Amino acid sequence: MPLTNFNRHKTLATLITRTVVWVVTIFTVGVLIQSWHLSRDIVQEEVQRTSRQTSSLVHNFFEYRLASLQILQDSNAKSDTVENFFQ
C-alpha cells in the first residue's frame, strides 16, 4: 500500500469524523435553543397567570372587607341604641 493511499484514507476518515462532530454539535445547539425558547415562553405564561391570580385575590379580599363593613353598618343603623339616640 503506497503512502499516498494511506494519507487519502486518513483524510477521508478525518473528514467523516469532523462532519459527524459538526452535525452533532449543530443538532445539540438547535435542541438547546429550542428548549430555552420553550422554557422562556412557559415562564412568561406562568408569570402572567400568577399576576392575574394575585390581582383577583386582592380584589376579592377588598370586596369581602367592603361587604363586611356594609353588613356592620346596616346592623348598627338598625340597632335600638342608635334609634333611641336620634329620637
Side-chain angles (χ1 to χ4, degrees):
M1 178 157 97
L3 187 57
T4 58
N5 199 11
F6 175 74
N7 285 337
R8 189 177 343 159
H9 288 298
K10 183 179 178 186
T11 304
L12 181 60
T14 303
L15 179 64
I16 291 172
T17 303
R18 287 182 181 177
T19 303
V20 168
V21 168
W22 274 107
V23 167
V24 169
T25 302
I26 290 171
F27 180 74
T28 303
V29 168
V31 168
L32 287 174
I33 289 173
Q34 183 179 12
S35 175
W36 172 78
H37 184 62
L38 184 63
S39 297
R40 186 189 65 172
D41 290 346
I42 290 172
V43 167
Q44 286 177 348
E45 288 176 10
E46 285 298 314
V47 166
Q48 290 174 354
R49 184 181 66 83
T50 303
S51 176
R52 284 191 306 268
Q53 284 181 341
T54 303
S55 175
S56 177
L57 179 67
V58 169
H59 179 75
N60 289 338
F61 174 75
F62 282 114
E63 289 290 326
Y64 169 76
R65 288 295 296 155
L66 288 174
S68 298
L69 288 174
Q70 185 176 9
I71 291 169
L72 180 64
Q73 286 180 342
D74 290 346
S75 65
N76 284 341
K78 294 177 184 175
S79 75
D80 291 335
T81 307
V82 172
E83 287 180 3
N84 291 336
F85 178 76
F86 286 110
Q87 289 180 354

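Values in this document were obtained by computation on a predicted structure and should not be read as measured data.
Panel note: side chain T19, backbone L15; a donor-acceptor pair is recorded below 3.5 Å.
Around atom CD of Q34, no more than 12 heavy atoms belonging to other residues, nucleotides or ligands sit under 6.0 Å away. Atom CZ of R65 is surrounded by 12 or fewer heavy atoms from other residues, nucleotides or ligands within 6.0 Å.
Hydrophobic cluster of V43: the remaining members, joined at side-chain heavy-atom separations below 4.5 Å, are V47, listed by chain and number.
The line from CD1 of I33 to OG1 of T28 is 11.0 Å long, rounded to the nearest 0.5 Å. Distance check: L69 CG to D74 CG gives 11.0 Å after rounding to the nearest 0.5 Å. Note: L57 CG to R52 CZ = 14.5 Å, rounded to the nearest 0.5 Å. Going from atom CD of E63 over to atom OG of S68 covers 11.0 Å, rounded to the nearest 0.5 Å.
With sequence neighbours excluded, the residues forming a salt bridge (charged side-chain N to carboxylate O under 4.0 Å, His left out) with E46 are R49, listed by chain and number. Residues forming a salt bridge (charged side-chain N to carboxylate O under 4.0 Å, His left out) with R18 (at least two apart in sequence, or on another chain): none.
The shortest distance between side-chain heavy atoms of F62 and V58 falls below 4.5 Å.
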